[in-house]
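Have a look at the structure below, then the notes.
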Amino acid sequence: MRSKNDPDGQSGAGAATSTSQESPKSQESPKLPESQESPESQESERSFIERARRAQIIDAAVETIAVRGFAKASLAQIAERAGISKGVISYHFAGKSELIERAVEQIYDGIGAFVGARLDERVGAGAWLRIYVESVAEYMLDHRAQLTALGEIFSHFRTADGQPRYGVASSEPLYDALEKVFLKGQRSGEFRAFDVRVMAVSLQASIDHMFAYWSAHPESDLTAYAGELADTFEHATRADGRTCA
């Protein structure tokens, strides 16, 4: 929830008019320069600035959680890392819970954009599956703080009634997307017959555990692990006598 006043905004004072004894020319009200931008353009610029500020706060939250852990990542600590006041965070976010939820969304949006740019719907389902597994790993290689923060959030973030905020239920959209890929492969004859929900849950759980292992053993080769995992699911899904490409 936002406050009514923008902490970054400023107010202006009006100008007084001249007395009647001044010359007619001096009685003319001074004309302010007309804005070169339309109200729509100004609103668009304001929206852009606000989005940039929110993204900055979210990045600071992710970094703070990764370094200090979920419990110790207070709004004051996040504000300090972002180089802003705590009030600026309160202007953009209702509280820590909303900030954390938006942070998770931003991370997954980043993963989706990265992986999506590498996927091609024209390739077979088997090739799509390999690209998906290896691209997610490639993204996390350069975003380790995000991975650490997600681990902290998933382990410690709770709802008002004490239930984990993220878990199997929150992964339904991801399972649905993977199911569609498996169904596509079965219809094309690339994949054998199997329960697509079981395979979707198993694949995502394997990816999650891949990252958990890498977090615990940072010296391990994440790229090689992802390749082996892709091989495993290629063999588990493909129809007899077929080679996925």
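Not measured: the values here are computed from a predicted model. Throughout, residue positions are numbered sequentially from 1 according to the sequence presented.
When side chains are defined from C-beta on, Asp231 counts as touching Arg130, because their heavy atoms get closer than 4.5 Å. Side-chain contact check for Phe194 versus Val198: every heavy-atom pair is 4.5 Å or farther apart. For the pair Glu98/Arg102, a side-chain contact is recorded, criterion being any heavy-atom separation below 4.5 Å from C-beta on. Taking the side chain as every heavy atom from C-beta outward, Leu203 and Leu129 approach each other to under 4.5 Å.
No donor-acceptor distance shorter than 3.5 angstrom exists from the side chain of Glu138 to the backbone of Glu134, with no hydrogens or angles considered. When atom types are taken as modelled, the side chain of Gln186 and the backbone of Arg192 share a donor-acceptor pair closer than 3.5 angstrom. For Glu152 (side chain) and Gly69 (main-chain N/O), no donor-acceptor pair under 3.5 Å exists by modelled atom type. For Ser171 (side chain) and Leu174 (main-chain N/O), no donor-acceptor pair under 3.5 Å exists by modelled atom type. Side chain of Gln77 to backbone of Lys72: no donor-acceptor contact under 3.5 angstrom is found. Proximity of a side-chain donor or acceptor of His217 to a complementary backbone N or O of Tyr213 within less than 3.5 Å is not detected. Distance alone, capped at 3.5 Å, places no donor-acceptor pair between the Ser135 side chain and the Tyr132 backbone.
Both Trp128 and Phe114 are assigned to one and the same hydrophobic cluster, defined by single-linkage of ILVMFWY side chains at heavy-atom distances under 4.5 Å. Under the 4.5 Å side-chain heavy-atom criterion for grouping Ile, Leu, Val, Met, Phe, Trp and Tyr, Phe157 is connected to Phe154 within one hydrophobic cluster.
Both tests hold for Lys96 against Phe70: distance to the six-membered ring centre under 6.0 Å, angle to the ring axis within 45°. Both tests pass for Arg54 against the ring of Phe93: distance under 6.0 Å to the centre and angle within 45° of the axis.
Just one of His156, Glu101, Arg158 meets the side-chain contact (heavy atoms from CB on, under 4.5 Å) condition when paired with Arg165; it is Glu101.
Under a 4.0 Å N-O distance rule, the pair Arg238/Glu190 does not qualify as a salt bridge. A salt bridge is defined here as a Lys NZ or Arg NE, NH1 or NH2 lying under 4.0 Å from an Asp or Glu carboxylate O, and Arg197 with Glu172 meets this definition. Ion pair Arg53/Glu50 not flagged as a salt bridge, since none of the NZ, NE, NH1 or NH2 atoms sits closer than 4.0 Å to an Asp/Glu carboxylate oxygen. A salt bridge between Arg81 and Asp59 is absent, with no side-chain N of the basic residue lying under 4.0 Å from a carboxylate O of the acidic one.
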